[in-house]
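Both ligands and their constituent atoms are indexed starting at 1 by order of listing. Just the heavy atoms: all of them, side chains too, but no hydrogens, waters or symmetry mates, feed the values below.
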Amino acid sequence: MTTPLIELKNIRKSYGGGDSPQVDVLRGIDLSIHAGEFVAIVGASGSGKSTLMNILGCLDRPTVGDYLFAGENVAHLDSDALAWLRREAFGFVFQGYHLIPSGSAQENVEMPAIYAGISAAERHARAKALLTRLGLADRTSNRPHQLSGGQQQRVSIARALMNGGHIILADEPTGALDSHSGAEVMVLLDELASQGHVVILITHDREVAAHANRIIEISDGLIISDSALSHTHVPVTANSDALQAVDLRQRLADGAEHNGAWKAELLDAVQAAWRVMWINRFRTALTLLGIIIGVASVVVMLAVGEGSKRQVMAQMAAFGSNIIYLSGFSPNPRTPPGIVTLNDVAALATLPQVKRIMPVNGTYAGVRFGNVDYMAYVGGNDTNFPDIFNWPVAEGSYFTEADERAGATVAVIGHRVREKLFKGQLDPIGQYILIENVPFQVIGVLAEKGSSSGMQDSDDRVAIPYTAASVRLFGTYNPEYVVIAAADARKVQEAEQAISQLMQKLHGGKRDFHLTNDAAMIQAEARTQNTLSLMLGSIAAISLLVGGIGVMNIMLMTVRERTREIGIRMATGARQRDILRQFLTEAVMLSVVGGLFGIALAMLVGGVLVLAEVAVQFSLVAVLGAFGCALVTGVVFGFMPARKAARLDPVKALTSE
Ligand code: ADP
Ligand code: MG
């Protein structure tokens, strides 16, 4: 006798044990099946037929006993090798068809070939040919719910044949079908048996079993009769190809060859992922929202942070970086602030570190021309103004030292003040304006600065002679603050020190004054901006994290919902790592799509902000960083559900609801 294709020796299967009561489902099965046989296993419901079939199909392992496949003990195979065996040797046909609901008939039939690493073209052709052979040529793109039960069962038979299907394991294949469709399915199985496929048919229906040439009856987990034992004649029309194809010794060589299949598998995983996302698009969109908002907020927040930082820096630079401001200051809250006098100013002017020095006495005051009133910063300052602030006049001229000495009531107005007061009038020069009801003659208009050093617009300004301001507006000659241009822009710090020393000497050792400079302000501002950016960035990162948790949630749900699909994929030969890859791909796809939409949204929001004149500065690093974070989020949060899916037990997965 030749080696049997399948040999079971004293197979037992028990469930439970431990704290739950032990159920012995199979209680010692001895069975040999040879190539070319058409076997029916009959028995009452609950007798252990399906359990036996799962063991035969290497979906499940026996508790006790040996299973020899072509002479080799299956117990020695790891889960990958078992997956290989299922893929190469078996084709399953189930009572409930077990098609993947999201895939078309064609895709369902092709699935086993993907795991076998067969090229796309060959796969398409073969699936098409099988479907045509089974009378479904015009139903290839239908999804299972668009097919009748009989058609679905034919699709599942085509799937069983996709990789050869040398051994067809059919568990109650007609159980859910009407008699006509059932008869059709039986005709197909008869045909396959006559073509040399081993067909193992499980049924509780004796009429159906009669199609087989060997009938094994099982009851309560034991074989109670086997027609092969009573009739000595076993019809062996073995298809030698069938045996060769499943030669286990081929496995290693085969495994190496199939390593190139990862591309096809990845493509399939991406397609499957896309399908599932599309079918559940509302749910997908909601999940994506988390990632989209996360990515968009990271990008926008960083862009706004960077934009405002650059804007502030640019504005500060506009005033020159060698400027030092000196003002009175109260060293403790109970004493009045120190007063900087014009004598101090004169003394400081002699310092070699000081290039120019200018007292300023200013305030916000009402300015009026005709019947137009406007509030502007009115500063009394001397003729150093254009030079210190690098701020020339655009029209007319600046006031002179003679005006300064004489306390002339003349004014040089800022760009914005000109716009507000002289709307229709082309030439303000020579006109009289009222500053706090004192008439001043406009003699010049400052060039537009277009920036601010602090809160206010720098063009919102009127410059008048210091003397005139002191006499007419403030009633004091003491400056509000003093502007000093350091001789060397690189030695502002040193200049500050020299000024500080001299001031302390002049003020009897008291530090009742305060010095700041633009460089320090720029630095302080930059620090604040950086902190702000960091804060905004971390808020955004948190939202990305929340998005990631959303992905994990949806993936866990998906795995639960698609447990059956995972079982089907495993039955048709997917290895654990194929399942892992599939679900990881789905999670990453979610994140990639979310990331892309997020970037698009960020651009949109950025555009709106630009229109609203908010300074935004997009950086490629931020965009790539956010996208990368989304990707990593997908991998990290997708891994746990994917691994959970990959570790499912095939039988449990298949029988899940
Ligand atoms: P059949 O296919 O002949 O109707 P099954 O092989 O499906 O029978 O089941 C045989 C017996 O094993 C049944 O009594 C069933 O309750 C029990 N059984 C099957 N699977 C499990 C399981 N996972 N845990 C406990 N009992 C099980
Ligand atoms: Mg059953």
Closer than 3.5 angstrom, by distance alone: can the side chain of [X] be matched with the main-chain N or O of [Y] as a donor-acceptor pair?
| X | Y | result |
| --- | --- | --- |
| Q106 | H124 | yes |
| Y67 | L56 | yes |
| S20 | G16 | no |
| K49 | G43 | yes |
| D649 | K652 | yes |
| T174 | L177 | no |
| H211 | D190 | no |

Heavy atom of G43, distance to ligand 1 below 4.0 Å
no
Any donor-acceptor pair under 3.5 Å linking the side-chain atoms of Q582 with those of T585?
no
Nearest protein heavy atom to atom 26 (N) of ligand 1: under 4.0 Å?
yes
Tell me: protein heavy atom nearest [atom], and distance?
| atom | value |
| --- | --- |
| atom 2 (O) of ligand 1 | S50 OG, 2.7 Å |
| atom 5 (P) of ligand 1 | T51 OG1, 3.6 Å |
| atom 3 (O) of ligand 1 | K49 N, 2.8 Å |
| atom 19 (C) of ligand 1 | Y15 CE1, 3.6 Å |
| atom 11 (C) of ligand 1 | V25 CG1, 3.6 Å |
| atom 14 (O) of ligand 1 | G46 O, 3.9 Å |

Is any N or O atom of V23, backbone or side chain, closer than 3.5 Å to an N or O atom of ligand 1?
no
Is the number of heavy atoms from other residues, nucleotides or ligands under 6.0 Å of E207 CD greater than 12?
no
Ligand 1 atoms in contact with A44 (distance to a heavy atom under 4.0 Å):
3 (O)
For S45, the ligand 1 atoms with a heavy-atom partner under 4.0 Å come out as 4 (O)
Derivation and outcome, salt bridge (Lys or Arg N to Asp or Glu O under 4.0 Å), residues D226 and R214:
CA-CA 7 Å; D226 185 344; R214 175 178 170 193; 2.8 Å; yes
Could you check whether R281 makes a cation-pi contact with W278, meaning its NZ or CZ is under 6.0 Å from the centre of the six-membered ring and within 45° of the ring axis?
yes
With 2.8 Å as the threshold, which protein atoms of type N, O or S lie near the Mg ion (ligand 2)? Leave waters out.
S50 OG
